[in-house]
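As a basis for the values below, the full set of heavy atoms in this structure was taken, side chains included, without hydrogen atoms, waters or symmetry mates.
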Amino acid sequence: MESKRELKKRQNRQSMIEAALLLFSQKPFAEVSVRDIAKLAEVSPALIYKYFDDQQHLFLIAMQQENEKLITELKKYDTIESLSQGYLIYFFSNNTLYKMMTYFMISPNNESVSTIIVDEMNQLYNLFKENIMKLGHIKNPQQETGLLFSTLNGFLITYQNLPVFTNEHALNKTLSLLALYLERFEKN
């Protein structure tokens with residue numbers, strides 16, 4: 001059984017991660033300070049350094065936690081169509097990870113952090129590649145995976161926050177475009 005002290009430590013750590021998730025999904029990495037995270041988590045900045053080496057470490061832990069949720073969700077799907085739909089639906093309803101990835105990709109970054117983020121992204125990529133390979137007739141699964149993954153992210157960038165659409169309308173639009181895109185796999 002967990003002691004009160006251990007419980008408090010775990011709760012503090014999780015509140016720091018949740019504060020980081022919120023802030024990193026609202027602003028680029030370079031614009032979020034440890035002080036900002038501490039304030040939102042209602043802890044001292046010094047306490048953050050007790051749990052995390054630095055801001056980058058906290059960012060990585062937060063991103064890994066969110067990525068694990070996404071991977072767990074996507075592992076439920078066993079076809080390229082359901083996986084792609086699940087990916088879009090997940091990000092339309094849980095866009096924290098997507099915003100963090102987007103801010104990270106458009107910001108100058110540290111190479112050591114980039115390597116870890118790429119490893120996280122490869123987990124997603126490999127789920128798509130495995131499902132494309134199941135089709136059996138795709139000549140270059142690696143290339144097709146890159147094309148599909150880029151297409152899905154393009155849909156999200158284009159439609160997710162488009163002011164003229166409600167979230168539901170934007171999701172429906174992306175799902176209909178996805179259906180058109182996936183027809184190419186049937187034609188091969």
Side-chain angles (χ1 to χ4, degrees), residues 17 20-21 24-26 28-29 56-57 59-188:
I17 292 170
L21 285 169
F24 287 129
S25 72
Q26 293 174 342
F29 178 82
Q56 289 177 348
H57 182 221
F59 176 86
L60 291 172
I61 296 298
M63 189 163 186
Q64 286 173 327
Q65 182 175 296
E66 286 299 296
N67 196 52
E68 285 173 14
K69 291 178 191 175
L70 173 60
I71 296 291
T72 298
E73 177 65 25
L74 294 180
K75 283 184 176 180
K76 297 175 186 175
Y77 303 109
D78 62 353
T79 66
I80 197 63
E81 180 180 13
S82 62
L83 178 64
S84 299
Q85 290 170 345
Y87 183 82
L88 292 172
I89 292 167
Y90 183 90
F91 279 123
F92 266 91
S93 57
N94 306 292
N95 65 4
T96 299
L97 177 61
Y98 188 75
K99 286 180 179 179
M100 287 177 72
M101 290 185 331
T102 303
Y103 280 130
F104 180 79
M105 295 301 177
I106 63 173
S107 300
N109 49 58
N110 171 315
E111 190 174 313
S112 64
V113 174
S114 296
T115 302
I116 294 168
I117 299 300
V118 167
D119 290 344
E120 291 293 316
M121 298 293 290
N122 280 338
Q123 289 182 54
L124 283 173
Y125 189 86
N126 287 333
L127 277 176
F128 283 93
K129 185 177 175 186
E130 289 167 14
N131 278 277
I132 284 177
M133 290 174 72
K134 285 180 190 176
L135 296 172
H137 64 277
I138 303 300
K139 292 178 183 164
N140 189 334
Q142 182 80 19
Q143 192 173 36
E144 285 295 339
T145 302
L147 184 57
L148 175 59
F149 202 63
S150 297
T151 300
L152 292 171
N153 289 312
F155 290 161
L156 290 167
I157 288 168
T158 304
Y159 294 102
Q160 189 173 38
N161 294 310
L162 200 61
V164 296
F165 288 163
T166 64
N167 195 50
E168 182 180 353
H169 186 240
L171 175 59
N172 289 335
K173 178 73 171 174
T174 61
L175 291 174
S176 66
L177 291 171
L178 174 63
L180 287 172
Y181 176 81
L182 291 177
E183 285 177 9
R184 67 191 305 277
F185 290 117
E186 295 168 10
K187 293 177 182 176
N188 284 336

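Considering only residues two or more places apart in sequence or on other chains, Asn95 meets the side-chain contact (heavy atoms from CB on, under 4.5 Å) condition with Lys99, Gln160. Scanning for side-chain contact (heavy atoms from CB on, under 4.5 Å) contacts around Thr158 gives an empty result, with sequence neighbours left out. In terms of the ring-ring contact (aromatic ring centres under 6.0 Å, His included) criterion, Phe155 has no residue partners (sequence neighbours excluded). For Phe91, the ring-ring contact (aromatic ring centres under 6.0 Å, His included) partners two or more places apart in sequence, or in a different chain, are Tyr87, Tyr98. With sequence neighbours left out, Met133 forms a side-chain contact (heavy atoms from CB on, under 4.5 Å) with Lys129, Pro141.
Between the CG atom in Leu162 and the CD1 atom in Ile157 there is a gap of 13.0 Å [rounded to 0.5 Å]. Taken from CG in Leu182 to CG in Leu177, the straight-line distance is 11.0 Å, to the nearest 0.5 Å. With rounding to the nearest 0.5 Å, the separation of CD in Gln56 from CE in Met63 is 13.5 Å. To the nearest 0.5 Å, atoms CE (Met100) and CG (Leu21) are separated by 5.5 Å. The distance from the OG1 atom of Thr145 to the CD atom of Glu130 is 9.5 Å, given to the nearest 0.5 Å. Rounding to the nearest 0.5 Å gives a distance of 7.5 Å between CG of Leu97 and CG of Leu124.
Phe24 and Phe29 have parallel rings, their planes meeting at less than 30° on a 0 to 90° scale where 60° marks the start of perpendicular.
Listed by first then second residue, pairs satisfying side chain to side chain donor-acceptor pair (under 3.5 Å) with a partner in residues 163-176 number zero, not counting sequence neighbours. Listed by first then second residue, pairs satisfying side chain to side chain donor-acceptor pair (under 3.5 Å) with a partner in residues 66-80 read Glu66-Lys69, Asn67-Glu120, Glu73-Lys76, Glu73-Tyr77, Thr79-Ser82, not counting sequence neighbours.
With respect to Asn131, the side-chain contact (heavy atoms from CB on, under 4.5 Å) criterion is satisfied by exactly one of Leu83, Leu148, Asn126: Leu83.
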Are Gln85 and Leu175 close enough, and set up right, to give a side-chain contact (heavy atoms from CB on, under 4.5 Å), and what steps lead you there?
CA-CA 7 Å; Gln85 290 170 345; Leu175 291 174; 4.0 Å; yes
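Between Tyr125 and Gly146 the shortest heavy-atom distance is OH-N, 3.2 Å. Smallest separation of non-hydrogen atoms from Phe92 and Ala170: CE2-CB, 3.6 Å. Contact record, Leu147 with Thr151: O-OG1, 2.7 Å, taken as the closest heavy-atom pair.
Around the CD atom of Gln123, the shell of radius 6.0 Å holds more than 12 heavy atoms that belong to other residues, nucleotides or ligands. Atom CD of Glu81 is surrounded by 12 or fewer heavy atoms from other residues, nucleotides or ligands within 6.0 Å.
Between Leu156 and Leu152, the closest side-chain pair of non-hydrogen atoms is not below 4.5 Å.
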